[in-house]
Amino acid sequence: MADKDIVKAFDLLEQDILNESSPGIRPGLSRIAKCLNSLGNPQRNFKAIHVLGTNGKGSTASTLASILTSSGLKTALYTSPHLIHMGERLRINGSVLSPQKWCDAWHKVKESLQVNSTIETRPTAFELMTAISFLIMANENVDVAVVEAGMGGRLDATNLLGNVVLSVFTSISLDHTNFLGDTLSQIASEKFAAIRPKIKALYVGGQANGIEDIFVARCKKTMSEGHLFSRECVVRPWHISIDGVVYDLWTSRGYYFDALETRLAGAYQIRNTATAAFGAVLLMETFPMISHKSIREGLLSASWAGRFEVLRLNGGKIFILDGAHNPEGMEALATSLKLALPANETFAIIMAMMKDKNVEGALRKLADLPIRKFICTEVPNLERSMSSQTLAAIAKDIFPNSSVQIEPKIENILTKTLYDNQCKYIVICGSLYLLGAIKKMIYLNEDFLSYARPKT
């Protein structure tokens with residue numbers, strides 16, 4: 001099936017799921033619990049690693065899955081959201097499944113919705129996609145699944161996993177405050193509530209405001225084996241570039257890794273991938289086939305789209321796609337740009353952001369970067385997207401020395417940017433929805449400039 005056909009098939013399937021789902025974001029477990037129960041509770045048929053937090057979940061989850069695959073385990077990876085098509089949410093041993101397997105599973109899930117349910121009592125779209133993925137994992141007889149939570153913890157659909165062997169928590173920051181709480185401690189408590197009794201839990205740590213104490217207290221309450229990466233591991237960075245990072249890692253379990261290498265670029269990937277590596281060490285008792293060699297191979301083969309993702313285009317331009325959309329994410333992006341790009345190299349930024357984010361706080365984290373052009377745009381057909389005019393008004397106050405421009409249509413931006421010889425590097429950030437729309441255009445639009453396609 002050609003790329004266009006695959007995308008179209010998944011787009012049609014996604015639309016059908018949206019049509020059958022209850023609208024909006026609705027925290028709670030009763031809807032999906034009823035759905036999974038009618039399917040025979042497939043989420044109980046495999047061991048799982050549950051990855052939660054605010055920033056870095058996807059990178060950490062994908063690295064852990066890569067390590068487990070390199071260890072010889074049939075490994076599923078479930079993440080969200082997707083960029084180009086819905087099928088990206090579920091991979092087995094690194095590969096996307098066919099639209100047909102998704103359709104077969106959706107048919108069974110859809111049948112279960114017809115019994116005593118109304119549109120208001122049906123699961124949300126995310127819950128339905130989660131149920132479909134759990135069913136596929138069970139049907140494929142995976143050895144283990146690495147499952148990224150959605151926005152939450154206690155009431156997240158993924159919290160119905162039945163055989164969690166390790167919970168991993170990445171950094172926690174203020175996001176989705178209308179659902180999770182107004183303070184870091186409230187959000188942390190909500191996420192740490194997903195820690196399972198008497199099961200291992202790992203938190204990256206290193207955050208202020210007593211977040212580590214909340215984690216430790218929760219582990220004691222649940223009699224769980226809690227681990228803090230910030231206290232039990234030492235990392236020494238070697239090299240950071242747009243091609244990846246290299247670092248040494250010491251762990252409290254007596255394992256030392258010299259010159260660990262990953263092609264995941266961005267300074268923050270040292271912390272994310274090192275957390276995954278330590279998580280793999282903690283899993284050795286459960287999966288004795290994990291070794292020094294498989295951890296090293298897993299880090300090297302890990303890939304993750306949309307997080308300091310580098311696209312070298314045939315026209316000589318270099319796109320850096322990063323899903324940073326809150327102050328902590330933007331701060332991490334700014335640090336990575338300073339370390340990875342040539343000194344004093346100016347670049348352009350293409351940005352769209354959602355109305356419900358801390359836009360001003362996020363933009364201020366980029367204020368001291370050598371930004372030549374700041375181009376404000378919007379995500380097509382998305383009501384949540386802030387208008388390019390509103391975004392530009394905020395940006396002009398923060399970036400007085402940059403050329404702040406307004407262009408609502410992303411196809412116009414790409415054409416202008418590719419022909420512009422002033423900036424070799426173009427950073428695209430602010431929203432994963434924006435990244436998805438741009439990647440879709442680059443890969444699938446036959447009318448788009450031929451040299452804009454990534455080098456193969």
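Nothing here was measured: the structure is a model prediction, and the numbers come from that model.
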Determine, step by step, whether E328 and S173 satisfy the side-chain hydrogen bond (donor to acceptor under 3.5 Å, both in side chains) criterion, reporting the C-alpha distance in whole Å, the side-chain angles of both residues, the deciding distance to 0.1 Å, and the verdict.
CA-CA 7 Å; E328 184 185 14; S173 61; 3.1 Å; yes
Mind listing the side-chain donor-acceptor pairs of residues 135-145 below 3.5 Å, one per line with the distance, residues two or more places apart or on another chain?
| residue | atom | partner | partner atom | Å |
| --- | --- | --- | --- | --- |
| N139 | ND2 | L135 | O | 3.3 |
| E140 | OE2 | K101 | NZ | 3.0 |
| D143 | OD2 | K74 | N | 2.7 |

Any side-chain heavy-atom pair of [X] and [Y] under 4.5 Å:
X	Y	value
K293	R296	no
R89	P81	yes
K200	V165	no
T130	I32	yes
I49	L68	yes
S301	S70	yes

Mind checking whether Y203 and H227 have ring centres under 6.0 Å apart?
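So the answer is no for these two rings.
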Taking the ring centre of each residue, are Y247 and W238 less than 6.0 Å apart?
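Aromatic pair excluded; centres sit 6.0 Å or further apart.
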So, applying side-chain hydrogen bond (donor to acceptor under 3.5 Å, both in side chains) with Y268, which one of D322, T273, T170, N55 is it?
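It is D322, the one option of D322, T273, T170, N55 that forms the side-chain hydrogen bond (donor to acceptor under 3.5 Å, both in side chains) with Y268.
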For T158 and D156, run side-chain hydrogen bond (donor to acceptor under 3.5 Å, both in side chains): C-alpha distance rounded to whole Å, both residues' side-chain angles, the deciding distance at 0.1 Å, then the answer.
CA-CA 5 Å; T158 61; D156 192 87; 2.6 Å; yes
